[in-house]
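Everything quoted here is computed from the prediction, not taken from an experiment. All ligand and atom numbering here is 1-based and tracks the order in the structure.
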Amino acid sequence: MIGRLNHIGVATPSIEDSVRMYADLLGATQAGQPFELPAQGVRVCFIDLPNSQIELIEPLGDDSPIHGFLAKNPRGGQHHVCFEVADILAARDALRAKGATILGTGEPRIGAHGTPILFLHPRDMGGVLVELMETPKEAH
Ligand SMILES: CC[C@H](C(=O)O)C(=O)SCCNC(=O)CCNC(=O)[C@H](O)C(C)(C)COP(=O)(O)OP(=O)(O)OC[C@H]1O[C@@H](n2cnc3c(N)ncnc32)[C@H](O)[C@@H]1OP(=O)(O)O
Ligand SMILES: [Co+2]
C-alpha cells in the first residue's frame, strides 16, 4: 500500500529559527518560501532533501491541530511522517477494514502539496502520527 516517504513533519514555534538551524547545523539549505494553510491550521515551509523533504509546521490560528503538541513540546519536535499512496480512498477503506481510525471526518483534505491527505490516529501506528498523501498524478 504505502509508497515513498514524502516528508517528515516537524512542528516548531518558529519556522525561521528552524530553517536557520537546519542550514547552519546540517547544511540543509534548500528551504522554500513559507506559506499558510488556514484550512489546516498551519504555516508551512518545506526543506528539500536529496530523497525527501522536511515539512516545518507552525500553528496558524486558535484552532490549529498542533497547539496541543507544542504545549507539550514547547521547543517543537518530530510531529508526523507522510507516506505516499496511489489511491487515498482505497487506502482509507483498506485501513478502516483493518480497524484503523482515520482522523477528522474521514474525508481527504487538500494538503500542503495540493493533493488529498488523511491522518491515521497515533494509537493505531505504535505512537506515530502517520499522514497519507495521494501521489501527484504527474508523478505516476
Ligand atoms: C495538512 C498540511 C500538512 C501536509 O503535510 O499537507 C500537514 O501535515 S499539517 C500537520 C498538522 N495537522 C495534523 O496533525 C492533523 C492531524 N492531527 C490531529 O488531528 C491531532 O494532532 C491529534 C488528534 C493527532 C492529536 O491532537 P491533540 O494533541 O490535540 O490531542 P491529544 O493531546 O489528546 O492526543 C491524543 C493522543 O495522541 C498523541 N499524540 C498527539 N499528537 C501526536 C503526534 N504528533 N505524534 C504521536 N502521538 C501524538 C497524544 O500523546 C495522545 O496520546 P495518549 O496516549 O492518548 O496520551
Ligand atoms: Co505533513
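Close contacts between ligand 1 and F69 involve ligand atoms 44 (N) [criterion: under 4.0 Å to a heavy atom]. Atoms of ligand 1 found under 4.0 Å from any heavy atom of I117 (numbered from 1 in listed order, with element): 1 (C), 6 (O). Residue contact check: Q40 has heavy atoms under 4.0 Å from atoms 1 (C) of ligand 1. Listed by number with element, the atoms of ligand 1 under 4.0 Å from a non-hydrogen atom of I66 are 11 (C). Listed by number with element, the atoms of ligand 1 under 4.0 angstrom from any heavy atom of G111 are 6 (O). Taking a cut-off of under 4.0 Å to the non-hydrogen atoms of A112, the atoms of ligand 1 that pass are 4 (C), 6 (O).
The atom name of the N/O/S atom in E55 closest to the Co ion (ligand 2) is OE1. The nearest N/O/S atom of E131 to the Co ion (ligand 2) is OE1.
No chain of hydrophobic side-chain contacts below 4.5 Å, direct or via other Ile, Leu, Val, Met, Phe, Trp or Tyr residues, connects L103 to V81. The hydrophobic clustering, which links ILVMFWY residues whose side-chain heavy atoms are closer than 4.5 Å, places F35 and I47 apart. Hydrophobic clustering of Ile, Leu, Val, Met, Phe, Trp and Tyr side chains at less than 4.5 Å, counting indirect connections, unites L56 with L26.
Taking all atoms of both residues into account, the shortest heavy-atom contact from E134 to A86 is CG-O, 3.5 Å.
In terms of protein heavy atoms, atom 16 (C) of ligand 1 is closest to F119 CG, 3.6 Å. Of the protein's non-hydrogen atoms, P122 CG, 3.7 Å is the one closest to atom 48 (C) of ligand 1. Among all non-hydrogen protein atoms, the one lying nearest atom 9 (S) of ligand 1 is V42 CG2, 4.0 Å. Considering only non-hydrogen protein atoms, atom 18 (C) of ligand 1 sits nearest to L103 CD1, 4.0 Å. Nearest to atom 3 (C) of ligand 1 among the protein's heavy atoms is E55 OE2, 3.4 Å. Of the protein's heavy atoms, L37 CD1, 3.8 Å lies nearest to atom 2 (C) of ligand 1. Summary of contacts: the protein heavy atom closest to atom 14 (O) of ligand 1 is H79 CE1, 3.2 Å.
Using 4.0 Å as the threshold, H7 has a heavy atom nearer than that to some atom of ligand 1. Residue contacts with ligand 1: G127 is included, with a non-hydrogen atom under 4.0 Å away. Contact annotation: K72 has at least one heavy atom less than 4.0 Å from an atom of ligand 1.
The Co ion (ligand 2) does not have H79 among its coordinating residues (no N/O/S atom, backbone or side chain, under 2.8 Å). Here H7 meets the criterion, with an N, O or S atom under 2.8 Å of the Co ion (ligand 2).
The residue V44 has no part lying near ligand 1, judged by heavy-atom distances below 4.0 Å. When heavy-atom distances to ligand 1 are checked against a 4.0 Å cut-off, M133 has no atom that comes that close, whether in backbone or side chain.
Checking atom 54 (O) of ligand 1 against the protein gives no heavy-atom contact under 4.0 Å. Inside a 4.0 Å radius of atom 5 (O) of ligand 1 there is at least one protein heavy atom. There is a protein heavy atom closer than 4.0 angstrom to atom 46 (C) of ligand 1. Proximity of atom 21 (O) of ligand 1 to the protein is indicated by at least one non-hydrogen atom lying closer than 4.0 angstrom. Within a 4.0 Å radius of atom 32 (O) of ligand 1, the protein contributes one or more non-hydrogen atoms. Distance screen at 4.0 Å: atom 26 (O) of ligand 1 has no protein heavy-atom neighbour inside the cut-off. Counting protein heavy atoms under 4.0 angstrom from atom 29 (O) of ligand 1 gives zero. Within a 4.0 Å radius of atom 40 (C) of ligand 1, the protein has no heavy atom.
The shortest N or O to N or O distance between E131 and ligand 1 is below 3.5 Å. Note: an N/O pair closer than 3.5 Å links P65 and ligand 1 by distance alone. Considering backbone and side-chain N/O of H121, none are found under 3.5 Å from N/O of ligand 1.
Shown here is D24, whose CG atom has more than 12 heavy atoms of other residues, nucleotides or ligands within 6.0 Å.
Using a distance-only test at 3.5 Å, with no hydrogens or angles considered, a donor-acceptor pair links the side chain of E58 to the main chain of I15. Panel note: side chain Q78, backbone H80; a donor-acceptor pair is recorded below 3.5 Å.
Among H113, H80, R109, Q53, the residue whose heavy atom lies nearest to atom 10 (C) of ligand 1 is H80.
Using a 30° and 60° split on the angle between ring planes, H113 and F46 fall in the parallel class, below 30°.
The closest side-chain donor-acceptor pair between E55 and H79, if any, does not fall under 3.5 angstrom.
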